[in-house]
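Here's the structure we're looking at; comments come further down.
Sequence lines set the chain letters: A, B, ... in the order given, protein chains first and strands last, and positions in each chain run from 1.
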Amino acid sequence: MINEKYIPSEVEAKWQKNWAKEQAFSTEVNRQRPEYYVLEMFPYPSGNLHMGHVRNYSIGDVVARYKKMQGYNVLHPMGWDAFGMPAENAAIKHGVNPADWTWENIANMRRQQHQLGLSYDWDREIATCHVEYYKWTQWMFLLFYEKGLAYKKKATVNWCNECNTVLANEQVVDGCCWRCDSIVVKKELEQWFFKITQYADRLLEDLKDLKGWPDRVKTMQENWIGRSTGAEFSFDVPEISEKISVYTTRQDTVFGVSYVVLAPEHPLVEKLIAGKAEQAAVRAFVDRVRNMSEISRTSSETEKEGVFTGAYAVNPFNGEQVPIWVANYVLVEYGTGAVMGVPAHDQRDWEFAVKYSLPKRLVIQAPNGELATDTMTEAYDGPGKMVNSGEFSEMDNQAGKNAICTWLEQRGIGQRRVNYRLRDWLVSRQRYWGAPIPMIYCDKCGVVPVPKTDLPVTLPQNISFETGSVSPLAKVEEFVNCTCPKCGGAARRETDTMDTFICSSWYYFRYTDPRNTSQPFDSVKANYWMPVDQYIGGVEHAILHLLYARFFTKVLKDAGLINIGEPFKNLLTQGMVIKDGSKMSKSKGNVVSPEEIIAKYGADTARVFILFAAPPERDLEWSDQGVEGAYRFLGRLWRIVGHYADSLVNAPAKYDVNSLDKNGRELRRALHVTIGKVSDAVGERFSFNTAISSIMELVNALYAFKEADANAQPGLIREVVSGLLRLLAPFAPHITEELWHEVIAEGSVHEQAWPEVDLEAVKVDEVEIVLQINGKVRDKIIVPVGLNATELESKAFEQEKVKELLAGKTVVKVISVPQKLVNIVVK
RNA sequence: GCCCGGGUGGCGGAAUGGCAGACGCGGAAGACUCAAAAUCUUUUGUUGGCAACAACGUGGGGGUUCAAGUCCCUUCCCGGGCACCA
């Protein structure tokens, strides 16, 4: 018997318990059915779900449930990105144990996820801080090391004073720390790196195959990788018997070089100025630039400044001596740390030359032939004909680029070169709460990897947290001191932990085989499920996580562990949840707590609202009244099904469709039109908002039917309600389950097949045709379906209103579109 | 500066080149009620008109087309990404 009033808390708790008991969403490899892997980015266990999570999981849950009803074997797991700074900060601030803090947060957030009624296979839950997980993260590190992809080097690295640790380039946003926003400084440190640059080309190339990714994300990755092609060659510096190697993409302009510039950190600077009058000035300049912050140093707004070294280099193309400068706009990390200056054809060089009165020489003439350095006001970087370029003069500059390279290669003084903006991934962190890097330092044997059989390297408990610049693990004697696996002598452990982005770079593989104790995952299982068919998360990971995960996947493929090269086939980047015009945040005080909303309206309402209020990729404006609307809609559904409950329970499963009257046929048509619309919206377009609006229309149609026809055929009502509940089930899983159970059948609505359109039901025998005169709607007529253009036209001219409006006018043209409209053009 | 998104009623948002504003919110009216809430029904782009109806209307300006929110050109505004990468 259906309760008169819809009380979500009762319905939802009941079914959540039931699904948990039945393990309704557990999955195994099954080759009888097509597989489908839907994944939402796993959360950091901060303690509470926020609306962004609710949105993320609601979207994923709709996809998972829909695919399941379509007959797919669906994998839909959940876990925790559980290592990271907040746990450690809580430890420092409140003296709690990071592990305890993390596990408590996980427990709370898991409880909140249960309240949302998400269809996860909870047997596959993982947490990256669990020793059975990070053991395999360490295994991955060793794999990278074996493959020569993990190495240690001393380098200038990004350091965050607030977080007391180094950061990867990807984690520096506008010169600030991605996590705490404080200014990042440079430090010279010996650190572990992953050789992601070795995969730069493939990471770039394979973007083309990611048809299911938003262009925006692909473009961002493309920019980040920043591939360029050009030439590298040397300028001789006879006075010190050295060469300065430069990289350029504009080798076609080599005859226009009027100076060579080094980065302040370039290793040759000291040698060049040794004993020269310029020595003091150059050193002062270099010191000043080095002390500039990263932000002002790399901003294109910063004025180009430089200083002459007093030394000269020889242009190998024309033998000219050109001055060597040091300037702030040259970066030591990119290319060779030295560039050739061609003021006429590079805007930066132009500005620099103007400031220091360096000569400009035109070597590319524009197609209109009007360029001259005296009349130019800025550099010309367009295409053209090479001039003043010796044997290359008169060549098209594109062809010239090639010819110059060939010239260099033939003489052995240079070659074609590809360069990337992407740098290797700095993966060490001077923090406690992360996976320890499984490396050992032995005085005799040097750097020795921990044997895989000795894993895991366990994080010690009972550790004291004081702020300082050494890694917390370095202070734990029992952890640091160990024996060398090679010689058995006394040795020390690496005390840095891994960047947590390593943990999240392979978790989607672990889900495919989460309890494996002998390997990170079984290849057969991973190959069955992978790639992830639909990945869903925020666009803020467009570069970070999504680039690292792609890198990992390629390395694992090369290592023979899997047979796919890309982890995520389709990517949906959801928009933010906004309130009062800005992102929900504690500091803005505009946070709406999911738990409160669920307590007041239920999870179904929260889900329906959040999916209905905006398309998934766009930002979503939170509206309390909108939530009320979603709640009202579910109430309306509840009541209309309740109204028909008696006849539904006794309804026949089959009935004679031909016996329906006009109202009945229309209702049945509404059902099947809705099935078509919702299937298209959910399955093809991820347009959940319009899917829900179509379902709302069907409910409205049911109310209209009730008003019009008191004696409904039970068979028809059953067909409609059964279809309606199945259509809504992925969105509002609890209420549909309850109603299904009460009025349709014993089993779960979520085990049912997705409804199919009956084309017969959708057919109509009359259509409305719009009559336009000069493109303006003047009348509408109902005509039998299938009239051709000519028949329609004559019908149109028969209309009294049309005749009236045409009186005294000349018909110029008539456009007649069957099933749609007739447009009469008159003068 | 460059590259992506986006600009549609009072609001969130719909519209394979073919009736702009589906659906929801908000507003108005009616029914039920002693009354209110809840619910159900009707209505609701703007302007003019008692009305039938007409004109206007998708950031601005041009264009293509019988027909443009949708295609093309141009311009403005908002959001995001990249930005001395040679």
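- Atom CG of Asp624(A) and atom P of G12(B) are 15 Å apart (whole Å).
- Within the 4.0 Å cut-off from OP1 or OP2 of C66(B), at least one side-chain nitrogen or oxygen of Lys813(A) is found.
- In this structure, A68(B) forms no base pair with any nucleotide, since neither Watson-Crick nor G-U wobble geometry is met with both distances under 3.5 Å.
- Side-chain N/O atoms of Arg618(A) include none lying less than 4.0 angstrom from OP1 or OP2 on G80(B).
- Within a 6.0 Å radius of NZ in Lys243(A), other residues, nucleotides and ligands contribute 12 heavy atoms or fewer.
- Rounded to a whole angstrom, the distance from the C1' atom of A55(B) to that of G7(B) is 26 Å.
- In terms of phosphate contacts, Tyr703(A) brings a side-chain nitrogen or oxygen within less than 4.0 Å of OP1 or OP2 of C40(B).
- Within residues 628-636 of chain A, the residues having any heavy atom under 4.0 Å from RNA chain B are, by residue number, Gly629(A), Arg632(A), Arg636(A).
- Ring centroids of Phe317(A) and Phe233(A) are separated by less than 6.0 Å, placing the two rings close together.
- If you check every strand for non-hydrogen atoms under 4.0 Å, Arg423(A) touches a base.
- Other residues, nucleotides and ligands place more than 12 heavy atoms under 6.0 Å from the NZ atom of Lys803(A).
- Using the Watson-Crick or G-U wobble rule with both distances under 3.5 Å, G79(B) pairs with C4(B).
- Using P as the reference atom, A22(B) and U8(B) are 16 Å apart when rounded to the nearest Å.
- Residue-level contact check: Pro214(A) touches neither bases nor backbone, having no heavy atom under 4.0 Å from any strand.
- Remark: Arg636(A) is positioned above the aromatic ring of Tyr703(A), its terminal NZ or CZ atom under 6.0 angstrom from the ring centre and at most 45 degrees off the axis.
- For Asn823(A) against C66(B), a side-chain-to-base donor-acceptor contact under 3.5 Å is present.
- A salt bridge links Arg288(A) with Glu305(A); the closest basic N to acidic carboxylate O contact falls under 4.0 Å.
- Straight-line distance between the P atoms of A68(B) and G57(B): roughly 12 Å, to the nearest whole Å.
- In this structure, CG of Leu572(A) is placed 15 Å from C1' of G5(B), rounded to the nearest angstrom.
- Glu768(A) comes within contact range of at least one nucleobase, with a heavy-atom separation under 4.0 Å.
- Atom-to-atom, CG of Leu792(A) to P of C66(B) comes out at 20 Å; the value is rounded to the nearest Å.
- Note on Arg216(A): only backbone sugar-phosphate atoms sit closer than 4.0 angstrom, heavy atoms only; bases stay farther off.
- Across all strands shown, U39(B) pairs with A31(B); the Watson-Crick or G-U wobble distances both stay below 3.5 Å.
- In this structure, Asn689(A) reaches the sugar-phosphate backbone alone: every heavy-atom distance under 4.0 Å involves primed, P, OP1 or OP2 atoms, never a base.
- Around atom CD of Glu766(A), more than 12 heavy atoms belonging to other residues, nucleotides or ligands sit under 6.0 Å away.
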Strictly under 3.5 Å: I want the nitrogen or oxygen pairs between protein and nucleotides 52-56 of chain B, one per line.
from: A54(B); atom 1: OP1; to: Arg778(A); atom 2: NH1; distance (Å): 3.3
from: A55(B); atom 1: OP1; to: Arg778(A); atom 2: NH2; distance (Å): 3.3
from: A55(B); atom 1: OP2; to: Arg778(A); atom 2: NH1; distance (Å): 3.3
from: C56(B); atom 1: OP2; to: Lys776(A); atom 2: NZ; distance (Å): 3.2

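- Heavy atoms from other residues, nucleotides or ligands lying under 6.0 Å from NZ of Lys583(A) number 12 at most.
- Distance, Tyr601(A) OH to A38(B) P: 12 Å, rounded to whole Å.
- Residue Ser694(A) has no polar side-chain atom (N or O) positioned under 4.0 Å from OP1 or OP2 of A22(B).
- Taking atom P on both U64(B) and G69(B), the two are 16 Å apart, rounded to the nearest angstrom.
- G60(B) and G10(B) have their P atoms separated by 14 Å, with the value rounded to a whole Å.
- Using a 4.0 Å heavy-atom distance criterion, Thr219(A) is classed as a sugar-phosphate-only contact.
- One C1' atom belongs to U46(B), the other to A20(B), and the distance between them is 14 Å to the nearest Å.
- By the 4.0 Å N-to-carboxylate-O rule, Arg423(A) lies close enough to Glu333(A) to be salt-bridged with it.
- Note: Tyr334(A) and Tyr247(A) have perpendicular aromatic rings, judged against thresholds of 30 and 60 degrees for the angle between ring planes.
- Annotation: of the two residues near RNA chain B, Glu621(A) and Arg639(A), the 5′-most nearest-nucleotide partner is Glu621(A).
- Looking at which nucleotide of RNA chain B each of Leu821(A) and Arg227(A) is closest to, the 5′-most match is held by Leu821(A).
- To the nearest angstrom, P of G13(B) lies 14 Å from CD1 of Ile610(A).
- A28(B) and G81(B) have their P atoms separated by 42 Å, with the value rounded to a whole Å.
- Aromatic rings from Phe612(A) and Phe688(A) are positioned such that their centres are separated by 6.0 Å or more.
- Nucleotide A52(B) forms no Watson-Crick or G-U wobble pair with any nucleotide shown, as no partner meets the under 3.5 Å limit on both distances.
- In this model, no donor atom of one side chain and acceptor atom of the other lie less than 3.5 Å apart for Glu232(A) and Thr336(A).
- Within 4.0 Å of Asp349(A), counting heavy atoms only, lies no atom of the nucleic acid at all.
- Between His545(A) and His541(A), the ring planes lie perpendicular to each other; the angle is over 60°, past the 30° to 60° tilted range.
- Nucleic acid contact class of Gln772(A) (heavy atoms, under 4.0 Å, all strands): base.
- Classification of G59(B) as anti follows from a glycosidic angle more than 90° from 0.
- The phosphate of G24(B) has OP1 or OP2 within less than 4.0 Å of a side-chain N or O from Asn700(A).
- Look at Asp680(A) and Lys677(A) and you find no salt bridge, because none of the NZ, NE, NH1 or NH2 atoms lies under 4.0 Å from a carboxylate O.
- Among the heavy atoms of the strands, none lies under 4.0 Å from Val261(A).
- Distance from the side chain of Pro615(A) is smallest to G13(B) among G13(B), A15(B), G24(B).
- Checked by distance alone, Lys820(A) brings a side-chain donor or acceptor within 3.5 Å of a matching partner on the base of U16(B).
- Nucleotide A22(B) is matched to nothing when pairs are restricted to Watson-Crick or G-U wobble geometry with both distances under 3.5 angstrom.
- Going from atom CG of Leu544(A) over to atom P of G81(B) covers 12 Å, rounded to whole Å.
- With both ends at atom C1', the span from U58(B) to A15(B) equals 11 Å, rounded to whole Å.
- In this structure, the CD1 atom of Ile543(A) is 18 Å from the P atom of C3(B), given to the nearest Å.
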